[in-house]
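Take a look at the structure set out below.
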Amino acid sequence: LPSLPQAAMTKLGQWLCGLALLGSAWAALALAPPGLQPPAPLRQALLPLPVYLLVAFGCYSLATVGYRLATFNDCEEAAAELQEHIRAARADLRRRGLRL
Amino acid sequence: SGIDFEIIIIDDGSPDGTQEIAQQLEKIYGSDKILLRPRPRKLGLGTAYIHGMKHATGNFIVIMDADLSHHPKFIPEFIRKQKEGNFDIVSGTRYKGNGGVYGWDLRRKLISRGANFLTQVLLRPGASDLTGSFRLYRKEVLQKLMEKCVSKGYVFQMEMIVRARQLGYTIGEVPISFVDRVYGESKLGGNEIVSFLKGLLTLFATT
């Protein structure tokens, strides 16, 4: 496949190209007619590969989102500091003549 | 602080007394520091950016939420980061380093992380926080991006970063803390989620 310029291709286009590439490679090997089949062990591994990859990606997604959710920082100090700053700012502004 | 700055306040006739307070601030700090540029009625965020830029005299523009969920204390860090790498854009991120949020329940955090993960997979944007709106832009960069961006809401912030990458602009990141619900409730309902997904898929298919 000739190299296509990044800028000209949408993300959707990149995905379709990639899937077409992998899909046709898989189909050529796994669904080949009897005369051109690769050896049996390879075929047995190849056939369910798309489903395996999908499931693996699903697990990766869950694990990643789960990890990121668990490590999402809770900014307690920032909230407390903000309240303090608001107090100080209100006092300062009142001194300068602001009427709330 | 030694930094030359001005604050441009764009108010679309908020009924909560913003105008009066802003006018008092202008009297206290001077109209060279506080620029009031109100608009007659409620127009969108994108046009607010454009409106504000027309009156900006500096070389860089910091966009931030005015409800104190974004703390100005980060602005010097944005400036430092920009100088460090001569970045065109510095984006505040809640997801890296010691960035984070306060006031979000588990559901909100899960949606946030899930949406961000989906965005990373589909768009590979090269920035960790795409829906954040606390950013520093070079003025010409912001002007260029405003011409190209068409979306609304969260997706607008995402589109800015995606287009910036397309145009070859450099993006630096600074961890920030986002303190939600200082004033008022911040909701994330089904409508926002649906429009986010629609916008994400549109960006996926068109950029």
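Naming: A, B, ... by sequence-line order, numbering from 1 per chain.
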**Item:** Closest non-hydrogen atom pair, A:Cys75 against B:Gly100
**Value:** SG-C, 3.4 Å
**Complete:** Honestly, the part of A:Glu77 sitting under 4.5 Å from a heavy atom of chain B is neither
**Prompt:** So, for A:Phe72 and B:Arg94, which heavy atoms are closest and what is the spacing to 0.1 Å?
**Reply:** CE2-O, 3.7 Å
**Item:** Contacting region of A:Phe57 [heavy-atom separation from chain B under 4.5 Å]
**Value:** side chain
**Message:** Does B:Lys83, at its NZ atom, have more than 12 non-hydrogen atoms belonging to other residues, nucleotides or ligands within less than 6.0 Å?
**Reply:** no
**Request:** To the nearest 0.5 angstrom, please state how far the CD atom of B:Gln23 sits from the CG atom of A:Leu98.
**Result:** 11.5 Å
**Prompt:** Hey, which residues of residues 131-150 of chain B are touching chain A, say heavy atoms under 4.5 Å apart?
**Reply:** none
**Item:** Interatomic distance, A:Thr71 atom OG1 to B:Arg113 atom CZ [nearest 0.5 angstrom]
**Value:** 5.5 Å
**Item:** Closest approach of A:Trp15 to B:Arg124 (non-hydrogen atoms, all atoms of both residues)
**Value:** NE1-NH1, 4.1 Å
**Fill in**
Between B:Leu110 and A:Val65 the two heavy atoms that sit nearest each other are CD1-CG1, 4.0 Å
**Prompt:** Picking from A:Ser61, A:Gly13, A:Gly97, which has the most non-hydrogen pairs under 4.5 angstrom with chain B?
**Reply:** A:Ser61
**Prompt:** Is the number of heavy atoms from other residues, nucleotides or ligands within 6.0 Å of OH (A:Tyr52) greater than 12?
**Reply:** no
**Request:** Please say whether more than 12 non-hydrogen atoms of neighbouring residues, nucleotides or ligands are located less than 6.0 Å from CG in B:Asp16.
**Result:** yes
**Complete:** Nearest heavy-atom approach of B:Leu106 to A:Leu69 is O-CD1, 4.2 Å
**CD1 on A:Ile86 to CG on B:Leu68, rounded to 0.5 Å** = 5.0 Å
**Message:** In terms of relative ring orientation, are B:His71 and A:His85 parallel, tilted or perpendicular, with 30° and 60° separating the classes?
**Reply:** perpendicular
**Message:** Looking at B:Tyr49, I want to see if its OH is surrounded by more than 12 non-hydrogen atoms of other residues, nucleotides or ligands under 6.0 Å.
**Reply:** yes
**Message:** Please output the residues of residues 195-207 of chain B in contact with chain A, using a heavy-atom cutoff of under 4.5 Å, in numerical order.
**Reply:** B:Phe204, B:Ala205, B:Thr206, B:Thr207
**Side-chain donor/acceptor of A:Asn73 to backbone N/O of B:Gly97, under 3.5 Å** = yes
**Prompt:** Taking it one step at a time, do B:Val179 and A:Gln83 satisfy side-chain contact (heavy atoms from CB on, under 4.5 Å)?
**Reply:** CA-CA 10 Å; B:Val179 180; A:Gln83 292 304 327; 6.0 Å; no
**Asked** Of the backbone (N, CA, C, O) and the side chain (C-beta and beyond), which part of B:Ile28 lies under 4.5 Å from a heavy atom of chain A, both, or neither?
**Response** side chain
**Item:** chain A contact via B:Lys27 - which portion, at a heavy-atom distance below 4.5 Å
**Value:** neither
**Prompt:** Can the positive tip of A:Arg68 be found less than 6.0 Å from the middle of the six-membered ring of B:Phe117, inside 45° of the ring normal?
**Reply:** no
